[in-house]
Amino acid sequence: MPHLALYTFGVLKSPLADPAPLTREFHESGGAVYREVARHPGYIARAEATDRSLGAGTDFDSDWGEWGEFAVPAWYGKGRTVETSALAATLSLWTDPRSAFDAVYTGPHRTALNRRYDWFERTGHPGYVFWWVADGTIPTWQDGVSKLEHLHDHGSAPHAFTFHHSFAPDGTPTRIAGTKGIGPKSDQVR
């Protein structure tokens, strides 16, 4: 049975190293959000750096194992060093869109989403993309970047889609019940 890959990407208003209160709030909320999402039904796994405990500098410097080399969209123009990196990205696997939707729009993640414009720039680009992968396939960061850029340039398609314009593994358009009016307008590209 195929699994649903989810790549998220956002450009922060200030570098991750910024000691300002808003940056600290963003950092401090991450642990609780990840713990809750990982317990959610339908969650399978997420990319985690294998060397994070070794004090690796940035996501660009980390070893992501089978998730591949860290990559960002071409339109990301901020830094890549510890002092200048200003991004947040995730890559995860789910059983289905409904499970991912429920995890994203409830609990601590929903609380964090309500604060997104405090932390993230409005870029005019989608903040996430889904695509189906075969059972046993681990998506890579580059896969996520390619899918997000395709979504931005061409809109939803069976190989790159959003909650609001989703597709079944066979390419048939689907609708997740209860999603109308939920989520940012950027979810509704083209």
Side-chain angles (χ1 to χ4, degrees), residues 1-10 29-50 52 59 62 64-73 87-116 120 125-152 154-189:
M1 175 171 224
H3 292 140
L4 189 67
L6 169 60
Y7 172 71
T8 67
F9 185 81
S29 70
V33 169
Y34 283 136
R35 280 189 301 279
E36 183 67 25
V37 166
R39 288 192 292 261
H40 203 279
Y43 171 85
I44 297 170
R46 74 176 170 95
E48 295 184 74
T50 60
R52 196 56 87 184
D59 289 337
S62 295
W64 294 92
E66 59 189 335
W67 300 87
E69 185 177 338
F70 188 75
V72 296
L87 62 90
T90 64
L91 181 59
S92 57
L93 282 170
W94 296 84
T95 57
D96 59 274
R98 180 82 239 181
S99 296
F101 182 87
D102 289 345
V104 168
Y105 290 107
T106 62
H109 194 275
R110 176 61 186 191
T111 302
L113 274 179
N114 289 339
R115 300 284 314 277
R116 69 184 166 272
F120 291 95
H125 295 268
Y128 74 94
V129 65
F130 287 113
W131 69 101
W132 292 102
V133 297
D135 186 22
T137 299
I138 301 295
T140 67
W141 289 105
Q142 186 57 55
D143 294 337
V145 167
S146 296
K147 303 292 184 181
L148 190 70
E149 289 175 342
H150 184 278
L151 177 66
H152 176 261
H154 305 287
S156 285
H159 58 277
F161 56 91
T162 67
F163 285 122
H164 295 285
H165 296 101
S166 60
F167 293 84
D170 67 1
T172 305
T174 62
R175 178 142 322 276
I176 305 168
T179 63
K180 186 171 176 68
I182 296 177
K185 296 276 188 231
S186 62
D187 288 358
Q188 301 170 32
V189 294

Could you list the donor-acceptor pairs under 3.5 angstrom formed by side chains in residues 39-48, with sequence neighbours left out?
residue, atom, partner, partner atom, Å
Arg39, NH2, Glu36, OE1, 3.1
Tyr43, OH, Arg46, N, 3.1

What closest approach, in Å, do [X] and [Y] show between heavy atoms, and which atom pair accounts for it?
X	Y	answer
Ala5	Val133	CB-CG1, 4.2 Å
Asp96	Trp132	CA-CH2, 4.2 Å
Val129	Gly144	CG1-O, 3.9 Å
Trp141	Ala71	CB-N, 3.6 Å
Ala112	Val33	CB-CG2, 4.2 Å
Glu149	Pro73	OE2-CA, 3.2 Å

**Asked** So, Ser92 and Trp94: side-chain donor and acceptor under 3.5 Å apart, yes or no?
**Response** yes
Please name all residues satisfying side-chain hydrogen bond (donor to acceptor under 3.5 Å, both in side chains) with [X], sequence neighbours left out, ordered by chain then number.
X	answer
Thr111	none
His109	none
Thr174	Ser166
Gln142	Ser146

Is the shortest heavy-atom distance from the side chain of [X] to the side chain of [Y] under 4.5 Å?
X	Y	answer
Tyr7	Asp143	no
Tyr34	Thr90	yes
Ser156	Leu151	yes

Within this structure, what is the [atom1]-[atom2] distance for the pair [X] and [Y], rounded to the nearest 0.5 Å?
X	Y	atom1	atom2	answer
Thr95	Asp135	OG1	CG	11.5 Å
Thr106	Leu113	OG1	CG	10.0 Å
Leu93	Thr137	CG	OG1	9.0 Å
Trp131	Leu6	CH2	CG	7.5 Å

For the backbone of [Y] and the side chain of [X], can you confirm whether one donor and one acceptor N or O come within less than 3.5 Å of each other?
X	Y	result
Arg175	His164	yes
Lys147	His159	yes
Trp64	Asp59	yes

**With sequence neighbours excluded, residues passing side-chain contact (heavy atoms from CB on, under 4.5 Å) with Pro173** = Phe167
**Prompt:** Among Phe101, Phe163, Phe9, Phe161, which one satisfies ring-ring contact (aromatic ring centres under 6.0 Å, His included) with Tyr128?
**Reply:** Phe163
